[in-house]
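For the numbers below, each heavy atom of this structure counts, side chains included, while hydrogens, waters and symmetry mates do not. In what follows, every chain begins at residue 1, and chains take the letters A, B, ... in the order their sequences are listed.
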There are 2 protein chains.
Amino acid sequence: MSVTLKDVALAARVSISTASRALGGSGLTSERTQQRLTRIARELGYRPNPIARGLKTGQSRLVGLLVHNLANASFQVMAEVVQARLKALGYQMLLCIAGDDPQLESDTLTTLADHRVDGLIVVPTGKNGARLTALANEIPIVCLVRRDDGTDLETVLADDSEGAYVGTRYLIELGHRRIGIIVGRPDTTSGRERLSGYVRALREASIQVDDALIHAGHFEPETGAASCRKLLDLAEPPSAIFVANHEATLGVLRVIAERGLSIPDDLSLLCYEHSPWFEWHRPAISIVDNGASDLANLAVDRLLHRMDAKGNGADGVREYRVGARLVKRDSCRPFDPSPRKSSATKSSRAKA
Amino acid sequence: MSVTLKDVALAARVSISTASRALGGSGLTSERTQQRLTRIARELGYRPNPIARGLKTGQSRLVGLLVHNLANASFQVMAEVVQARLKALGYQMLLCIAGDDPQLESDTLTTLADHRVDGLIVVPTGKNGARLTALANEIPIVCLVRRDDGTDLETVLADDSEGAYVGTRYLIELGHRRIGIIVGRPDTTSGRERLSGYVRALREASIQVDDALIHAGHFEPETGAASCRKLLDLAEPPSAIFVANHEATLGVLRVIAERGLSIPDDLSLLCYEHSPWFEWHRPAISIVDNGASDLANLAVDRLLHRMDAKGNGADGVREYRVGARLVKRDSCRPFDPSPRKSSATKSSRAKA
DNA sequence: CGCATTGCTGCAAACGATTGCAGTATTGGC
DNA sequence: GCCAATACTGCAATCGTTTGCAGCAATGCG
């Protein structure tokens with residue numbers, strides 16, 4: 001096949017071990033041989049075989065990243081960040097996509113473990129806590145974005161409660177009183193926390209929480225569309241909608257367009273998470289940015305830390321929070337109390 | 001560490017080689033020992049160490065996928081398809097992201113080769129042909145989506161010329177005569193081919209090709225926006241725009257919104273490649289689908305074929321084409337010859 | 001009953017690197 | 001000039017598997 005250490009050693013007329021030591025920079029060889037071997041290795045195009053090395057050292061230089069999908073922009077940037085960071089450190093990323101399916105997650109975890117990854121970053125479904133805990137005895141693991149309640153693994157989370165709070169407060173400050181929210185399933189941490197942030201902001205402003213304005217559901221455009229319709233059909237429809245569930249946004253936008261409503265004139269819209277087309281959409285959509293790249297970076301940091309401090313299982317902190325950031329664009333405007341009912345009108349395109 | 005073959009052999013009171021043969025399903029062991037060993041292995045939780053196996057067999061069971069980014073929806077689905085297909089075959093995908101940067105591509109290629117991947121699917125930048133050719137002697141490689149002119153590696157391409165032809169003809173059939181096109185850089189195969197399909201369709205319909213209607217540039221929203229502005233500012237602006245460059249679409253949509261133009265009433269819009277929000281956008285945007293998942297599937301097929309038929313370098317076909325598909329939605333309508341100039345009007349929302 | 005065939009099984013050598021231990025120059029001190 | 005210390009270098013074992021070859025029992029045939 002390719003050039004092995006043996007070939008280099010042969011060419012340099014030294015033993016394999018000397019060659020290994022010289023190239024490995026162990027400092028146990030003379031300056032001269034080291035330089036000579038480096039030169040010869042380069043000339044021959046020698047590149048160490050990580051498989052053989054791995055067998056001896058017990059490391060694969062591979063790190064697994066397990067996400068739900070790639071359609072979600074947050075996962076995209078996380079994947080890109082993780083791959084870039086790891087690459088710089090000589091690791092390679094093994095990217096796996098397990099949907100939101102616990103069975104598939106479990107299988108994939110097995111595959112990853114089989115491949116002897118040196119570390120693992122997982123966005124858990126939440127249904128494989130025991131499995132993850134068991135695996136954590138073999139491999140350093142860090143959970144990302146979601147908490148798996150079945151385990152106490154180190155977890156890097158977005159501060160969803162704070163994010164939703166900040167977003168809701170922004171809308172309140174603009175004068176909105178009836179604020180609809182479309183949020184993720186209550187059996188996910190993010191769903192629960194975003195909802196709690198919303199409620200907290202309302203309470204703080206002494207606004208009555210109206211259950212009719214709260215819609216929780218799966219992460220799909222269809223669900224978002226359905227929720228949006230219900231909100232708009234209310235006798236007293238909201239003047240602002242906070243779509244705190246990224247995937248639902250597409251559906252919401254469609255319904256708004258269908259009804260001929262104009263943003264932000266007829267309705268203020270605030271969304272969650274970053275997506276390239278939120279910026280380019282007209283009007284540009286204001287968002288609460290959950291800081292996907294910060295999350296990914298922190299997860300890598302923590303994983304690296306764990307991989308270094310091998311073995312010492314318990315080191316205090318088990319949960320890290322990354323702050324959310326409000327990005328104001330053009331989809332929210334101060335509440336205008338002039339009577340305007342649901343989808344009836346669609347006037348006012350005049351530039352103010 | 002974990003359970004090794006030795007442990008299994010010891011527990012079963014057979015030699016390591018017998019254990020290996022029994023579990024490997026070589027058919028060289030008696031039915032009885034085979035079953036016994038399988039049972040014991042399961043009980044002990046034995047899982048073969050791919051690193052050790054790899055060292056012996058020279059295989060890593062890893063396949064590299066090198067793409068430009070993950071923001072492009074086509075790359076997303078390709079990554080998902082490749083990972084799913086490979087997983088089913090016991091391979092794992094090593095996903096690398098090298099932007100459109102030849103240097104980074106070259107580095108990444110090295111990393112991938114170092115990790116001894118069993119195969120490689122590459123979306124080439126086009127600047128590392130020699131490198132790829134050299135690498136192909138060691139590793140089966142299939143190029144995807146783009147052709148690298150510096151090499152004659154097997155390549156799976158979208159039929160971009162056909163796609164652009166079909167799209168353009170569709171617009172012509174709707175009665176459009178002045179059709180603007182925004183297309184990729186002419187130094188990429190896709191850029192050239194899409195343009196050629198456009199020109200072919202026009203010629204076929206005996207429509208004069210007007211260079212002012214053709215904009216080629218980098219794959220970025222900004223470029224798209226700039227091109228779109230120029231098109232709309234023409235003395236005789238187009239009645240339809242074909243954005244045959246996926247990344248540019250965001251910019252185009254923004255400019256259209258900024259000018260208060262309505263699609264498809266004021267302008268027909270046809271885009272290239274699939275993206276989830278094209279469907280959910282109102283009006284839903286018609287596209288020419290390049291068949292990303294077909295492309296990925298075919299690339300995997302070809303790669304597997306190469307990996308089987310190891311060594312025999314030259315087998316006739318070197319280029320595979322995957323047909324494009326026109327997906328009609330709501331962003332194109334028949335040409336209305338009534339005089340309507342640029343951004344002046346924005347009437348007509350009445351449901352037809 | 002003897003011998004060749006068949007069917008399993010075990011021994012041992014790989015695969016390509018790392019590393020503890022022992023051996024050999026080289027140097028300096030006395 | 002001799003010996004100890006120092007500085008390299010080489011031998012060989014090892015990581016967990018696979019696999020060619022040889023050994024050995026059981027079987028069938030004459």
Side-chain angles (χ1 to χ4, degrees), chain A residues 1-42 44-62 90 113-118 138-139 310, chain B residues 1-38 40-41 44-62 90 113-118 138-139 310:
Chain A
M1 294 270 180
S2 50
V3 184
T4 75
L5 199 50
K6 192 172 161 187
D7 301 324
V8 178
L10 227 58
R13 305 181 156 279
V14 294
S15 72
I16 297 182
S17 20
T18 302
S20 170
R21 277 187 276 249
L23 298 176
S26 64
L28 292 173
T29 60
S30 68
E31 186 77 6
R32 236 167 49 86
T33 39
Q34 175 153 344
Q35 292 190 350
R36 200 164 61 93
L37 284 215
T38 318
R39 187 173 50 78
I40 295 183
R42 183 151 24 86
L44 262 51
Y46 167 73
R47 287 187 333 245
N49 183 331
I51 299 188
R53 173 178 291 169
L55 181 57
K56 184 67 189 169
T57 62
Q59 300 199 325
S60 61
R61 301 249 101 193
L62 256 29
D114 279 351
H115 274 278
R116 300 296 198 275
V117 290
D118 290 344
E138 298 177 33
I139 309 171
K310 52 189 77 179
Chain B
M1 294 270 182
S2 51
V3 185
T4 75
L5 199 50
K6 192 171 163 187
D7 301 323
V8 178
L10 227 56
R13 304 181 158 281
V14 294
S15 73
I16 298 183
S17 20
T18 303
S20 170
R21 276 187 278 249
L23 298 177
S26 63
L28 292 173
T29 60
S30 68
E31 187 76 7
R32 235 167 49 87
T33 37
Q34 176 154 345
Q35 292 189 349
R36 200 163 61 91
L37 275 260
T38 318
I40 295 182
L44 263 49
Y46 168 74
R47 288 187 334 244
N49 183 332
I51 299 188
R53 173 178 290 170
L55 181 56
K56 185 64 191 171
T57 61
Q59 300 201 324
S60 60
R61 301 248 101 194
L62 256 29
D114 279 350
H115 274 278
R116 299 298 199 274
V117 291
D118 291 343
E138 299 178 32
I139 309 171
K310 52 189 77 178

> With sugar-phosphate meaning primed atoms plus P, OP1 and OP2, does A:P50 contact a base, only sugar-phosphate, or nothing at under 4.0 Å between heavy atoms?
Replying inline: nothing
>> List the residues meeting side-chain contact (heavy atoms from CB on, under 4.5 Å) with B:K6, not counting sequence neighbours, and say none if there are none.
In response: B:T4, B:I16
> Taking the side chain of A:T33 as its heavy atoms from C-beta onward, which of C:dT9, D:dT19, D:dT9 lies nearest to it?
Replying inline: D:dT9
>> Between C1' on D:dG16 and CD on B:Q59, what's the gap in Å once rounded to a whole number?
In response: 17 Å
>> Would you say that B:R61 contacts B:P50 through its side chain, given a criterion of any heavy-atom pair below 4.5 Å between the two side chains?
In response: no
> What nucleotide, of D:dT9, D:dT17, C:dT18, holds the atom closest to the side chain of B:T4?
Replying inline: D:dT17
>> So for the helix from C:dC1-D:dG30 to C:dC30-D:dG1, with five pairs setting each end axis, what is the inter-axis angle to 10°?
In response: 60°
> Is there side-chain contact between A:T29 and A:L37, with at least one heavy-atom pair below 4.5 Å?
Replying inline: no
> With a 4.5 Å heavy-atom cut-off, do A:L23 and A:L5 have their side chains touching?
Replying inline: yes
> Which listed nucleotide (D:dC15, C:dG20, C:dC15) is nearest to the side chain of A:R21?
Replying inline: C:dG20
> Which nucleotide in the list D:dG16, C:dT9, C:dA17 gets nearest to the side chain of B:L55?
Replying inline: D:dG16
> Going by heavy atoms in the side chains, are B:H115 and A:L62 under 4.5 Å from each other?
Replying inline: yes
> For DNA chain D, which residues in residues 12-19 of chain A have a heavy atom at a distance below 4.0 Å?
Replying inline: A:V14, A:S15, A:S17, A:T18
